[in-house]
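This structure is a prediction, so every number in the text was calculated from the model and none was measured. Reminder, nothing fancy here: chain letters follow the sequence lines and each chain counts from 1.
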Amino acid sequence: MRLKKTFLSALFICFTILGFAQNNKGVPAIDVKKMDGTTFNTGDIDNDGKPVIINFWATWCSPCKRELNNIADLYEDWVDETGVKLIAISIDDARNMAKVAPYVNGKGWEYDVYIDPNGDFKRALGVNNVPHTFLVDGNGKIVWQHNSYAEGDEYELLELVEKLSRGESID
Amino acid sequence: MNFKKPLILSTLLFVGMCTTKAQNVEEILNRGQIRGNFQLEGQIYQEDSVIGAEAVPEKYRTNAFLNVMYTNGGFSAGIRYESYLNELLGYPEGYRNNSGIMYRYISFTKDKLSVTVGSFYEQFGNGLILRTYEERGLGYDNALEGIRVKYRPVKGLTITGITGKQRIFFDLGPGIVRAVDGDLDVNEVIPQLRESKTRLQIGASFVSRFQTDDNSAFNLPENVATYGGRFNLHRGKINITGEYAYKINDPSVNNDFIYRPGEAVFLQTSYSQKGFGLVLAAKRNEDMSFRSDRNQALQNGLINYLPALTKQHTYNLLATLYPYATQLTGEIALQADLIYKFKKGSALGGKYGTTVQMNYASANGLDTTSANDGDTKRRGYNSTYLGFGEVYFKDFNITVQKKINKKFKGSLTYANLVYNQNVIEVKNNKKDVFANVGIADVSYKFNRKASIRSEFQTLFTDQDLGNWATALIEFSYAPNWFIAVQDQYNYGNEDAESRVHYYNVSAGYNSGGNRVSASYGRQRAGIFCVGGVCRVVPASNGLYVSITSSF
């Protein structure tokens with residue numbers, strides 16, 4: 001009995017340590033494409049200690065486009081006030097990939113845009129559906145996520161970004 | 001007594017790992033991350049003779065999966081458990097009454113080498129000869145299971161080698177797939193070009209399938225080779241990309257067992273600058289269905305992917321009544337896509353700017369003549385390279401988007417479609433559908449949290465089921481709640497009894513990575529597409545619940 005207990009508690013300690021690791025998730029390092037066709041590794045995502053928003057979208061997803069267009073109207077102010085950087089990950093595949101750059105430029109988005117044509121980055125982050133937004137703090141840790149978009153979601157996102165940019169925790 | 005020794009030893013080891021060397025172990029474990037996602041969809045079915053929804057014997061069916069991945073430095077491992085008890089109506093029947101782990105992998109990266117064993121998804125170029133991927137919402141998953149090795153001898157060059165068998169539902173297909181691909185970023189590899197504004201990437205791949213000759217009537221090639229090359233050229237505002245693929249003769253169910261080789265060519269060019277974007281694209285594919293089992297049809301066991309060159313619509317009358325997917329036996333397709341934004345402050349731009357998007361797409365059959373002169377049993381044909389055959393699909397559409405003020409915004413869409421039912425839906429003696437579609441999408445924001453959005457759609461046609469109208473009203477309260485009511489009405493059906501309302505009410509709650517939603521109502525029989533792959537969905541009525549979570 002005692003042996004079993006010791007064994008179980010040892011296991012428990014191990015899992016607790018593993019459990020702690022949960023709060024420490026960084027951005028997985030996956031190869032995606034830049035709009036000029038070259039490769040970018042998501043492990044290199046960096047914003048000099050300021051927060052980063054990672055947003056998954058697609059040219060065929062209307063709530064995604066509503067979200068990114070709404071943020072685009074406010075983005076300049078967000079950057080000035082918080083130093084945040086938005087990284088838009090398009091999950092368009094070979095069918096629509098060529099439409100990504102014309103859409104992004106046509107709309108005048110100032111985001112960093114990458115393409116994940118076979119869903120590798122999407123899979124690595126456990127994304128079910130688009131739009132899906134992650135918030136990364138200044139230490140490169142993912143601290144918040146949100147699936148889907150409703151008008152006004154961007155104000156909650158901004159509040160969180162402001163907290164992070166002041167160095168506060170968002171829990 | 002004997003079993004106690006290993007138990008004591010392993011306990012000591014565990015305690016040792018977790019206590020005495022805690023600092024070290026903790027450091028390593030701390031780098032580990034567990035991630036994943038979960039989805040459950042269930043539906044309680046109701047018989048509804050008005051829309052042709054038959055009684056479902058189980059009354060309730062459910063699809064679910066859970067992905068779990070562990071990563072630590074260059075090491076990664078993961079599994080997905082899936083369950084279809086029984087599969088939701090409209091999902092491939094191959095999943096029926098089955099649950100289990102068909103996706104599992106372990107991979108590591110050590111310096112320039114990455115190795116994956118188990119299941120994996122891979123794409124060479126645009127996927128014309130190899131693309132394994134998943135669309136869980138469609139029940140599409142053609143993951144390869146085997147070994148994948150990636151080697152990066154210098155920055156900018158990646159060589160990928162694969163051997164494996166392909167997933168077909170809860171089995172692996174009979175074919176063995178062997179593949180190799182080289183991907184080269186010319187600017188990275190040639191130091192003199194590193195700073196050049198002109199960026200060039202090129203790639204080449206070779207894929208071969210081995211399947212024993214299982215057919216006594218034919219002498220079939222057991223090894224079928226495909227190969228292809230590609231490039232992407234970028235300079236400033238211009239991007240040009242192209243890919244060519246060839247397949248040796250591969251008699252199969254798909255091509256009626258003819259010995260004709262297949263080929264595909266895909267060309268896209270785009271120009272974009274602030275406020276303007278243009279894409280021109282062309283594609284031709286002939287006899288390019290390539291599967292890990294020559295006896296499979298539909299979307300089963302496909303090794304390659306032939307993207308459709310048509311706009312992927314989002315409004316439901318456009319997206320689900322007459323959508324298009326590539327005809328694998330052969331087609332020639334063209335597309336032009338334009339976006340223009342009238343500047344803020346200009347006459348047409350107003351205070352916030354106005355965006356106009358236009359798209360034209362066409363897909364035709366190949367220009368072919370049968371090789372059968374009436375005296376033989378030949379099934380083959382001859383084709384001209386640039387000839388356009390029968391019209392399969394045409395779509396011209398234009399959307400204007402405008403923000404009126406801080407509260408009001410909206411868009412108007414017009415589309416004109418030609419849809420060949422006989423080819424796309426494999427029907428006989430049906431007339432081509434000529435349809436005009438108009439859509440208004442208006443949203444109004446009460447305040448920072450509450451807003452309402454409505455869609456009014458109408459489709460006019462004299463063919464098929466006649467005219468349709470859809471109305472949708474969606475209320476959302478950020479960041480957690482939404483509720484929506486929708487009705488689709490087939491008011492123009494020739495048969496008065498078939499002028500049916502397809503009403504549906506839905507609501508959902510989002511928080512963090514979790515989402516729970518439910519809907520009740522009728523689902524029209526139709527075609528449901530994601531990412532250019534479609535499946536036919538039968539009519540249904542009932543209560544649908546879905547839970548998704550990412551962690």
Student: Go through A:Ala150, A:Gly108, A:Ser148, A:Cys61 and name the one with the most non-hydrogen pairs under 4.5 angstrom from chain B.
Tutor: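 Heavy-atom pairs under 4.5 Å are most numerous for A:Ser148.
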Student: Report which part of B:Thr71 has an atom under 4.5 Å of a heavy atom belonging to chain A: side chain, backbone, both, or neither.
Tutor: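 For B:Thr71, there is no contact with chain A at all, as no heavy atom is under 4.5 Å.
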Student: Less than 4.0 angstrom from a charged side-chain N to a carboxylate O is my criterion; do B:Lys274 and A:Glu110 meet it?
Tutor: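 Counted as a salt bridge, because a side-chain N and a carboxylate O are separated by less than 4.0 Å.
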Student: Would you mind reporting whether B:Arg515 and A:His132 have side-chain heavy atoms less than 4.5 Å apart?
Tutor: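 The answer is no, as the side chains (C-beta and beyond) never meet within the 4.5 Å cut-off.
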Student: For B:Gln357, which atoms come within 4.5 Å of any heavy atom of chain A: side chain, backbone, both, or neither?
Tutor: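 Contact with chain A is through the side chain of B:Gln357 alone.
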Student: Return the minimal non-hydrogen interatomic distance between B:Pro479 and A:Asp153, and the atom names on each side.
Tutor: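 Heavy-atom minimum between the residues: CA-OD1, 3.0 Å.
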Student: Against chain A, label B:Ser76 side chain, backbone, both or neither, depending on which of its atoms sit under 4.5 Å from a heavy atom there.
Tutor: neither
Student: Assess whether side chain to side chain contact (heavy atoms under 4.5 Å, CB included) is satisfied between A:His146 and B:Asn510, documenting all intermediate values.
Tutor: CA-CA 8 Å; A:His146 185 82; B:Asn510 287 299; 4.0 Å; yes
Student: Could you have a look at A:Thr39, A:Ile91, A:Leu125, A:Thr59 and say which one has the most heavy-atom pairs with chain B under 4.5 angstrom?
Tutor: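 It is A:Leu125.
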Student: Between B:Tyr340 and chain A, which part of the residue has a heavy atom less than 4.5 Å away: side chain, backbone, both or neither?
Tutor: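 No part of it gets close to chain A.
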Student: Between A:Arg123, A:Glu156, A:Arg66, which has the largest tally of heavy atom pairs under 4.5 Å with chain B?
Tutor: A:Arg123
Student: Can you tell which part of B:Asn67 gets under 4.5 Å to a heavy atom of chain A, answering side chain, backbone, both or neither?
Tutor: neither
Student: Just give me the residue among B:Gly512, B:Gly277, B:Gly513 that pairs up with chain A most often, heavy atom to heavy atom, under 4.5 Å.
Tutor: B:Gly512
Student: Which atoms of B:Lys283 are under 4.5 Å from chain A, going by heavy atoms: the side chain, the backbone, both sets, or neither?
Tutor: neither
Student: Which bit of B:Arg136 is near chain A, if near means a heavy-atom gap under 4.5 Å: side chain, backbone, both or neither?
Tutor: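 Looking at B:Arg136, nothing touches chain A.
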Student: Counting heavy atoms not belonging to B:Lys155, are there more than 12 under 6.0 Å from its NZ?
Tutor: no
Student: Among B:Gly78, B:Ser511, B:Ser451, B:Gly156, which residue forms the greatest number of heavy-atom pairs with chain A at distances under 4.5 Å?
Tutor: B:Ser451
Student: Non-hydrogen atoms of chain A under 4.5 Å away: do they reach the side chain of B:Gln268, the backbone, both or neither?
Tutor: side chain
Student: Hey, is the main chain of B:Thr310 close enough, under 3.5 Å, to the side chain of A:Arg95 for a donor-acceptor pair?
Tutor: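 Indeed, once roles are kept as given, a pair shorter than 3.5 Å links the two residues.
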Student: Can you find a heavy atom in the side chain of B:Val279 that is under 4.5 Å from one in the side chain of A:Lys99?
Tutor: yes
Student: Looking at A:Glu151 and B:Lys409, is there a salt bridge between them, counting it only when a charged N and a carboxylate O are closer than 4.0 Å?
Tutor: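 Salt bridge present between B:Lys409 and A:Glu151.
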Student: In terms of side-chain geometry, is the basic nitrogen of B:Arg152 or A:Asp31 positioned less than 4.0 Å from the acidic oxygen of its partner?
Tutor: yes
Student: How long is the span from the OG atom in B:Ser550 to the CG atom in A:Asn129, to the nearest 0.5 Å?
Tutor: 8.5 Å
Student: Would you say CD of A:Glu76 has more than 12 non-hydrogen atoms from neighbouring residues, nucleotides or ligands within 6.0 angstrom?
Tutor: no
Student: Count the heavy-atom pairs under 4.5 Å between each of B:Gly353, B:Gly275, B:Ala281 and chain A, then report the option with the highest count.
Tutor: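 Winner by heavy-atom pair count: B:Gly275.
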Student: Measuring heavy-atom distances to chain A, does B:Phe65 have an atom under 4.5 Å in its side chain, in its backbone, in both, or in neither?
Tutor: side chain
Student: Go through B:Asn239, B:Asn187, B:Asp337 and name the one with the most non-hydrogen pairs under 4.5 angstrom from chain A.
Tutor: B:Asp337
Student: When rounded to the nearest 0.5 angstrom, what distance separates CG in A:Asn69 from OG1 in B:Thr355?
Tutor: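 Rounded to the nearest 0.5 Å, the CG-OG1 separation comes out at 7.0 Å.
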Student: Can you see which heavy atom on A:Trp60 is nearest to which on B:Gln312, and at what distance?
Tutor: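 Looking at all heavy atoms of both residues, the closest pair is CD1-OE1, 3.4 Å.
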Student: Give a yes or no on whether the backbone of B:Ile34 and the side-chain of A:Lys25 come within a donor-acceptor separation of less than 3.5 Å.
Tutor: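 Such a contact is found between A:Lys25 side chain and B:Ile34 backbone.
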Student: Could you check whether any side-chain heavy atom of A:Lys33 comes within less than 4.5 Å of a side-chain heavy atom of B:Asn232, counting everything from C-beta outward?
Tutor: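 No, every pair of side-chain atoms sits at 4.5 Å or beyond.
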Student: Below 4.5 Å, heavy atoms only, C-beta onward: do B:Arg35 and A:Pro28 meet side chain to side chain?
Tutor: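 Of all side-chain heavy-atom pairs linking A:Pro28 with B:Arg35, at least one is under 4.5 Å.
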Student: Which heavy-atom pair separates A:Gly106 from B:Ile339 by the least distance, and what is that distance?
Tutor: CA-CG2, 4.2 Å
Student: Among A:Tyr155, A:Tyr103, A:Trp109, A:Trp144, who wins on heavy-atom pairs under 4.5 Å with chain B?
Tutor: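 Going by pairs under 4.5 Å, I would pick A:Tyr155.
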Student: For B:Leu233, is it the side chain, the backbone, both or neither that has a heavy atom under 4.5 Å from a heavy atom of chain A?
Tutor: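 It is neither, since no heavy atom gets under 4.5 Å.
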Student: We want to know whether B:Gln401 and A:Lys65 form a side-chain donor-acceptor pair, criterion being a heavy-atom distance below 3.5 angstrom.
Tutor: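 Result is no, nothing qualifies.
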Student: Would you give the length of the straight line joining atom CG of A:Asp120 to atom OH of B:Tyr121, rounded to the nearest 0.5 angstrom?
Tutor: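 Between atom CG of A:Asp120 and atom OH of B:Tyr121 there are 10.5 Å.
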Student: If you tally heavy-atom pairs under 4.5 Å against chain A, which of B:Lys311, B:Glu188, B:Glu474 wins?
Tutor: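 The option with the most such pairs is B:Lys311.
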Student: Between B:Tyr477 and chain A, which part of the residue has a heavy atom less than 4.5 Å away: side chain, backbone, both or neither?
Tutor: neither
Student: Indicate whether the side chain of B:Tyr305 and that of A:Asp93 have a donor and an acceptor atom separated by less than 3.5 Å.
Tutor: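 A:Asp93 and B:Tyr305 do have a side-chain donor-acceptor pair below 3.5 Å.
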Student: Side chain to side chain donor-acceptor pair (under 3.5 Å) with A:Asn118: which of B:Glu122, B:Arg131, B:Glu134?
Tutor: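 Exactly one pass, corresponding to B:Arg131.
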Student: Would you say A:Asn128 and B:Asn37 are linked by a side-chain donor-acceptor pair, where the criterion is simply a distance under 3.5 Å?
Tutor: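 Present: a donor and an acceptor within the cut-off.
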Student: Check each atom of B:Asn359 against the heavy atoms of chain A and say whether the ones under 4.5 Å are side chain, backbone, both or neither.
Tutor: side chain
Student: Just checking, is any N or O donor in the side chain of B:Asp185 or A:Thr38 under 3.5 Å from an acceptor N or O on the other one?
Tutor: no
Student: Apply salt bridge (charged side-chain N to carboxylate O under 4.0 Å, His left out) to A:Asp36 and B:Arg235, showing your working.
Tutor: CA-CA 8 Å; A:Asp36 65 4; B:Arg235 188 181 168 92; over 6 Å; no
Student: Considering only heavy atoms and a distance below 4.5 Å, find which of B:Ser272, B:Gly36, B:Pro307 pairs most often with chain A.
Tutor: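 If we count pairs closer than 4.5 Å to chain A, B:Ser272 comes out on top.
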Student: In terms of heavy-atom proximity below 4.5 Å to chain B, should A:Val104 be classed as side chain, backbone, both, or neither?
Tutor: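 Answer is neither: A:Val104 stays 4.5 Å or more from chain B.
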Student: Which atom pair, heavy atoms only, marks the closest approach of B:Gln33 to A:Gly26?
Tutor: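 Closest approach of B:Gln33 to A:Gly26, heavy atoms only: NE2-N, 3.0 Å.
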